There are 2 protein chains.
Amino acid sequence: MASIKDVAAEAGVSVATVSRVLNDHPSVSPEARTRVLAAVEALGYRPNAVARSLRTDQTHTLGLVISDVMNPYFTELARAVEEEARALGYSVIFGNADERRDLQDHHVRTLLDRRIDGLLVSPTDGGSPLMLDAVRSGTPMVFVDRWIAGMDVPVVRADGRQAVRDLVAHLHGLGHRRLAIIAGPAATTTGRERVDAFREALRAYDLELPDDHIGQGDFQAESGRRATERFLDLPEPPEVVFAADNLMALGVLDAVRARGLRIPEDIGLAAFDDIPWFVHTDPPITAVAQPTRELGRAAVRALVDRIEGRTPKSVTLPARLVVRRSCGETAPERSTS
Amino acid sequence: MASIKDVAAEAGVSVATVSRVLNDHPSVSPEARTRVLAAVEALGYRPNAVARSLRTDQTHTLGLVISDVMNPYFTELARAVEEEARALGYSVIFGNADERRDLQDHHVRTLLDRRIDGLLVSPTDGGSPLMLDAVRSGTPMVFVDRWIAGMDVPVVRADGRQAVRDLVAHLHGLGHRRLAIIAGPAATTTGRERVDAFREALRAYDLELPDDHIGQGDFQAESGRRATERFLDLPEPPEVVFAADNLMALGVLDAVRARGLRIPEDIGLAAFDDIPWFVHTDPPITAVAQPTRELGRAAVRALVDRIEGRTPKSVTLPARLVVRRSCGETAPERSTS
DNA sequence: CCTCCTCGTGGAATCGATTACACGAGGGAT
DNA sequence: ATCCCTCGTGTAATCGATTCCACGAGGAGG
C-alpha cells in the first residue's frame with residue numbers, strides 16, 4: 001500500500017508538500033498541487049488513518065456502547081447515531097453489552113485503547129469504576145437513554161411521564177382497575193423511572209400498585225414470560241400488564257399464548273418502546289413511543305459539541321402514547337346495533 | 001494519558017523492557033517484570049492501540065459492511081459476527097450500507113483507511129470498482145450471505161433450495177396452485193437465487209411462475225406492500241405470496257390488512273428469513289429459517305483463517321422450513337367432527 | 001585463566017503521517 | 001541598490017509503540 005513517501009517521490013516534491021496538499025493548506029503553488037494530485041491518482045494513494053491519528057491525537061471516531069443490539073429500539077438508535085455522526089464527519093464503533101457489565105467494560109476498554117474521540121453509552125448498570133476513570137481522565141462522554149446518577153455527564157433521553165399518564169387514563173377509561181407492570185432492572189434508570197411514572201399515574205386515579213403487581217424483569221423476553229406466568233397464577237390476576245420494554249412484551253405474548261388465553265379479552269397488554277412489528281402482532285400492541293431517531297441525533301450532537309470544545313447540554317424529549325387494540329377496543333363505532 | 005515512556009521512567013527501565021514485559025517476551029528478569037507491572041498499575045497505563053497498529057501493521061479489527069441493520073436478520077448476523085470475533089481476539093467495526101451502493105463504498109473506504117485486518121461484506125450490488133481494488137490489493141475479504149460473481153473471495157451463505165422445495169410441497173399439499181413471489185433486487189445474488197429456487201421447485205409440480213406473479217422488491221417493507229397491491233389487483237390474484245425477505249413480508253401484511261383481507265383465508269403468506277416476531281404476528285408466519293448465527297461464526301472463522309495465513313474455505317449451510325399458520329391450516333386435528 | 005555463549009538490557013531505527021522551523025527566491029518600498 | 005516581507009518548499013522532530021542490534025556481565029567449558 002502506497003505511503004506518503006511514494007507519492008512525494010512520484011510527484012518530485014517532499015512529503016511536507018504532499019501533506020499540505022492533502023490537508024489543503026494555503027501555501028502550496030498551483031503546479032505543485034496538480035503534480036501531487038496526479039501522483040495520488042496514479043498510485044491510488046489513500047492516507048493511513050492510523051498514522052494520522054497517532055500524530056494528531058484524534059481519530060474522528062465515536063464509540064457507542066449499547067445495552068442490547070437485538071432490541072429493535074437500540075438498533076434504531078444505533079442507526080440514527082451512525083447517520084448523524086457520518087453527517088458530522090465521524091465514524092462510529094459499536095459495542096454490544098448484552099446487558100452484561102463485564103461486556104460493557106470490555107467494550108469501553110477497547111474503545112478507550114483505540115483512542116476514540118468520544119463515548120456514547122447507555123449504561124447497563126450503576127456505573128463501573130472504569131467508567132468513572134474514563135470521565136475523570138477527560139474522555140468526552142454522553143449518556144443516551146439511560147444514565148448514571150452522580151456522574152457529571154450530559155444525558156440525552158426521553159421522558160415518558162406524560163405518555164404513561166396518558167396510558168393510565170386510557171386504561172382507566174376502558175374500565176381497567178387492576179394494573180400490573182413488568183419492570184426493568186433496578187440498576188438502570190429506565191428500569192426504575194418507568195415504574196415510578198406508572199405508580200404516580202395510578203395514584204391520580206386512587207389506584208394501588210401492590211408488590212405482587214410488579215414483576216421483576218431484565219429487559220429480555222424470557223423475563224417477561226416468567227413475570228406474566230406469576231401474574232396469571234395470582235388468585236386475582238391483573239387486567240392489564242404494562243411491559244417496560246418491547247422484548248418483555250414479546251415474553252408476555254408468549255406466556256399468554258401458552259396458556260391459551262387471548263389478548264385483550266382475557267388480559268390486556270401495553271409496552272414501553274414502539275417498534276414497527278407492534279402493528280402486526282395479534283393483536284396490534286398499544287405502546288409508548290420514544291422519539292428514537294431524534295434521541296440518537298441529539299446524543300451525537302451533544303458529544304461532538306463536547307469534543308470540539310463547545311459546552312454540550314442534556315436533552316430530554318417527550319415520548320407519546322400510541323393506542324392500538326391490545327388493551328381492549330378503544331372506541332366501538334356504535335355501542336348499540 | 002500515560003505513555004510507555006512514563007511507565008519506563010516510573011519503573012526505572014527503558015521503554016524496550018516495558019514493551020517486552022507487555023508482550024511477554026521471554027528474556028526479561030523477574031524483578032524488572034514486577035517493577036514494570038507495578039508502574040503500569042500505579043499509572044493506570046494502557047497501551048495505545050493506534051501506535052501499536054502503526055508499528056505492527058495490524059489492527060486486530062474486522063470490518064463488517066452490512067446491507068441493512070434494521071433488518072433483524074442482519075442484526076442477528078452482526079451480533080454473531082461480533083461474538084465470534086471477540087472470542088478470537090478481534091474487534092468489529094460495522095458499516096450500514098442501507099442497500100445503497102454509495103454508502104457501501106463509503107464504508108469500505110473508511111474501513112480500508114483504518115487498515116482493518118479483514119473485511120466481511122454482504123454486497124448490496126454487483127460489485128463496485130472499489131471492492132475490486134480492495135481484493136486486488138490483498139485485503140483479506142469474505143462475502144457473507146450475498147456474493148459477487150467472478151471475484152475470488154470465499155463465500156459463507158445459506159442454501160435455501162431444499163427449504164424452498166419443502167415450502168412448495170407444503171403449499172401444494174394445502175391445495176394452493178397459483179403462487180407468487182416478491183423478489184429481491186436482481187443485482188443481489190440472494191435476490192436472484194430465491195426466485196430461481198422457487199421457480200425450480202414449482203416446476204416439479206408442473207406449476208408455472210408467470211411474470212405477473214413475480215413482484216420486483218428491494219428487500220424493504222414498502223416494496224412488499226406495493227408488489228402485494230399489484231397482485232391483489234390482478235383479475236385472478238395469487239393464492240399465496242412468498243416474500244424473499246422478512247421486511248417485504250411485513251409489507252405484505254400491511255397491504256393485505258389495508259384491504260380488509262385476512263391471512264390465510266383470503267391470501268397466504270410465506271417469507272424467507274425467520275425472525276422471532278414471526279411467531280407473534282397475526283397469524284404466525286411460515287418461513288424459511290437460515291442458520292444465521294452459524295453463518296456469522298463461519299464467516300469470521302474463514303476471514304481470520306485468511307488473515308492468519310491459513311487458506312479459508314467457502315461454507316454453505318442448509319436453511320430449513322418452519323411451518324406456521326400463514327398459508328392455511330396444515331394439519332386439522334380431525335377432519336370430521 | 002581465557003574464550004565463548006547466554007541472558008538481560010538499552011539505544012536507536014522504524015511505521016506514516018503532521019507541522020514547526022529554516023531557508024532561498026522574488027517583489028515592493030525606500 | 002538595499003532591506004524586508006511574503007511565499008513556497010524542504011528538513012527534521014514528533015506521536016507511542018515494536019524490534020533489531022550492540023553491549024556488558026556472568027557462567028560454563030577447555
Side-chain angles (χ1 to χ4, degrees), chain A residues 1-37 39-40 43-61 109-117 137-139, chain B residues 1-37 39-40 43-61 109-117 137-139:
Chain A
M1 193 143 265
S3 84
I4 196 171
K5 273 189 204 151
D6 304 317
V7 176
E10 172 86 9
V13 298
S14 74
V15 293
T17 301
V18 176
S19 177
R20 279 190 272 256
V21 170
L22 265 30
N23 298 285
D24 41 37
H25 184 94
S27 78
V28 176
S29 70
E31 341 139 54
R33 162 165 280 113
T34 49
R35 283 227 305 288
V36 167
L37 259 22
V40 164
L43 297 173
Y45 169 76
R46 299 238 81 216
N48 183 328
V50 174
R52 191 199 295 255
S53 294
L54 177 60
R55 184 61 233 257
T56 60
D57 202 35
Q58 21 173 325
T59 50
H60 276 279
T61 302
R109 206 182 330 263
T110 26
L111 289 168
L112 256 27
D113 285 354
R114 294 175 178 236
R115 302 302 195 263
I116 43 138
D117 292 342
S137 77
T139 309
Chain B
M1 191 143 268
S3 83
I4 195 171
K5 272 188 207 154
D6 304 318
V7 176
E10 172 85 9
V13 297
S14 72
V15 293
T17 299
V18 176
S19 176
R20 279 189 272 258
V21 170
L22 263 31
N23 298 282
D24 40 37
H25 184 92
S27 78
V28 175
S29 70
E31 339 138 55
R33 162 163 283 114
T34 48
R35 283 229 305 288
V36 168
L37 260 19
V40 164
L43 298 173
Y45 168 76
R46 297 241 82 213
N48 182 330
V50 175
R52 190 200 295 257
S53 294
L54 177 61
R55 183 62 233 257
T56 60
D57 202 35
Q58 20 174 324
T59 49
H60 276 277
T61 302
R109 209 184 323 268
T110 28
L111 289 169
L112 255 27
D113 285 354
R114 274 156 202 264
R115 301 302 193 264
I116 43 137
D117 292 341
S137 76
T139 309

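All of these numbers come straight from a predicted model, not from anything done at the bench. Residue numbers start from 1 in every chain, and the chains themselves are labelled A, B, ... in the order their sequence lines are given, proteins ahead of strands.
One can place CZ of B/Arg20 at 10 Å from P of C/dG8, the figure rounded to the nearest angstrom. Rounded to an integer number of Å, the gap from NZ of A/Lys5 to P of D/dT11 is 13 Å. Between A/Leu43 atom CG and C/dG16 atom C1' there is a gap of 15 Å when expressed in whole angstrom units. Between the CG atom of B/Asp113 and the C1' atom of C/dG16 there is a distance of 13 Å, rounded to whole Å. Between the C1' atom of D/dA17 and the CZ atom of B/Arg46 lies a distance of 14 Å, rounded to the nearest Å. Atom-to-atom, CE of B/Met1 to P of D/dC15 comes out at 16 Å; the value is rounded to the nearest Å. The NE2-P distance, from A/His25 to C/dC21, rounds to 14 Å in whole Å. Per the geometry, CG belonging to A/Leu54 stands 13 Å off C1' belonging to D/dT18, to the nearest Å.
For A/Ser19 and B/Ser14, each mapped to the nucleotide of DNA chain C holding its nearest heavy atom, the one lying further toward the 5' end belongs to B/Ser14. Each of A/Ala16 and B/Ala51 was matched to the nucleotide of DNA chain C holding its nearest heavy atom; the match closer to the 5' end belongs to B/Ala51. The nearest heavy atom of DNA chain D to B/Val50 and to B/Thr17 marks one nucleotide each, and the one closer to the 5' end goes with B/Val50.
With C/dG16, C/dA17, D/dG8 as the candidates, the nucleotide lying closest to the side chain of A/Ser27 is D/dG8. Distances were taken from every side-chain heavy atom of B/Asn23 (C-beta onward) to each of D/dG16, D/dT18, C/dT9; the shortest belongs to D/dT18.
Atom CZ of A/Arg115 and atom OG1 of A/Thr139 lie 9.0 Å apart (nearest 0.5 Å). Distance check, rounded to the nearest 0.5 Å: CG of B/Leu22 to CG of B/Leu37 gives 8.0 Å.
OP1 or OP2 of C/dT9 sits under 4.0 Å from a side-chain N or O of B/Ser29. A sub-4.0 Å separation between OP1 or OP2 of C/dC15 and a side-chain N or O of A/Asn48 is absent. Checking the phosphate oxygens (OP1, OP2) of D/dT18, no side-chain nitrogen or oxygen of B/Thr56 falls inside 4.0 Å.
Using a distance-only test at 3.5 Å, with no hydrogens or angles considered, no donor-acceptor pair links the side chain of B/Ser19 to the main chain of B/Val15. Judged by distance alone, the side chain of A/Asn23 and the main-chain N or O of A/His25 form no donor-acceptor pair under 3.5 Å.
No donor-acceptor contact under 3.5 Å links the side chain of B/Arg52 to the base of D/dT18. Taking 3.5 Å as the limit, the base of C/dG16 and the side chain of B/Arg55 contain no donor-acceptor pair of atoms between them.
Between B/Val13 and B/Arg35, some side-chain heavy-atom pair lies under the 4.5 Å cut-off.
Nucleic acid contact for A/Asp57: none, since no nucleic acid atom lies under 4.0 Å from a heavy atom of the residue. Within the nucleic acid shown, A/Ala49 has no heavy atom closer than 4.0 Å to any nucleic acid atom.
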